[in-house]
*Asks:* 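Encoded as structure tokens, here's the structure I'll be asking about.
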Amino acid sequence: PAALAPGASLTLRFNYRPLQQDTEHATFRITTDDPTFRALAITVDGAALGSGQCFQVSPPQVDFGNVPQGSSATVPVTITNRWSANCSIRSLSFGPGASLFHLSSAPPPITVPAGASAVVIVGFSPATTTVATTRLMIETDDPIAPRFEVPVRGVNELPSLCVTPR
């Protein structure tokens, strides 16, 4: 209880520490001994959008290892929505050096419902002996982290042959 002199004020502080991603509502009731003003209700709302970015990308990097010349390999990249609301993937592209890489997915924009995932297939098709690197660029509507860059690497090396004389 707090006692206030006539004309005095009292500051109330409300702390909001959500345990999960959600929208919450609360009503604080103040009762007084003032005969003309017995109660006051204060409604507060809080929205916990998450402790970080909307999306989590797995794996954090794509490494194809050694892929034989003339063949192709693919790796799925899972983009998971960690929030309690829909998030969208606005664009998918590669950075410089991407001529040997390709994407297979639904064309953006891709809406990913709360708690769900979208899978993007990254492919590597080496035509010659090479070590190729680039970045998968993921643009989203996430206000905290609107862009992800996933390192991508693929190799096509000739096998080594070691000859030992007898």
*Asks:* On a heavy-atom basis, which atom in Pro126 and which in Pro68 lie closest, and how many Å separate them?
*Replies:*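 Pro126 and Pro68 have their closest heavy atoms at CG-O, 3.9 Å.
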*Asks:* With a 4.5 Å heavy-atom cut-off, do Arg135 and Pro151 have their side chains touching?
*Replies:*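 Yes, side chains in contact.
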*Asks:* If you take all heavy atoms of Ala114 and Ala85, which pair is closest and at what distance?
*Replies:*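 Here Ala114 and Ala85 meet closest at CB-N, 3.6 Å.
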*Asks:* Through direct or indirect side-chain contacts below 4.5 angstrom among Ile, Leu, Val, Met, Phe, Trp and Tyr, which residues connect to Phe64?
*Replies:*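 Answer for Phe64: Phe55, Val57, Val62, Val67, Val75, Val77, Ile79, Ile89, Leu92, Phe94, Leu100, Phe101, Leu103, Ile110, Val112, Val120, Val122, Phe124, Leu136, Ile138, Phe148, Val150, Val152.
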*Asks:* Indicate the atoms forming the closest heavy-atom contact of Arg153 with Thr133, along with that distance.
*Replies:*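 Closest heavy-atom pair between Arg153 and Thr133: CG-CG2, 3.9 Å.
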*Asks:* Would you say Thr111's side chain and Ser88's backbone share a donor-acceptor pair under 3.5 angstrom?
*Replies:*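 No: the side chain of Thr111 does not pair with the backbone of Ser88.
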*Asks:* What closest approach, in Å, do Pro76 and Pro59 show between heavy atoms, and which atom pair accounts for it?
*Replies:*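 In this case the closest contact between Pro76 and Pro59 is O-CD, 3.6 Å.
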*Asks:* Can you tell me how far apart CG (Asp141) and SG (Cys87) are? Round to the nearest 0.5 Å.
*Replies:*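 Reported value, rounded in 0.5 Å steps: 5.5 Å.
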*Asks:* Heavy-atom count check: over 12 atoms from other residues, nucleotides or ligands less than 6.0 Å from Arg29 CZ?
*Replies:*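 At most 12 heavy atoms, drawn from other residues, nucleotides or ligands, come within 6.0 Å of this atom.
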*Asks:* Would you name the heavy atoms of Ala127 and Gln69 that are closest together and state the gap between them?
*Replies:*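 Shortest heavy-atom separation between Ala127 and Gln69 comes out as O-NE2, 2.9 Å.
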*Asks:* Strictly distance-based, threshold 3.5 Å: is any side-chain N or O of Thr140 a donor or acceptor partner for the main-chain N or O of Pro146?
*Replies:*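 It does hold such a pair.
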*Asks:* Counting only N and O atoms by type, is there a donor-acceptor contact under 3.5 Å from the side chain of Glu149 to the main-chain atoms of Met137?
*Replies:*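 Here the side-chain-to-backbone pair does not exist.
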*Asks:* Closer than 3.5 angstrom, by distance alone: can the side chain of Asp142 be matched with the main-chain N or O of Cys54 as a donor-acceptor pair?
*Replies:*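 Confirmed, Asp142 side chain pairs with Cys54 backbone.
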*Asks:* Would you say the side chain of His102 lies within less than 4.5 Å of the side chain of Ser72, judging by non-hydrogen atoms?
*Replies:*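 Yes, side chains in contact.
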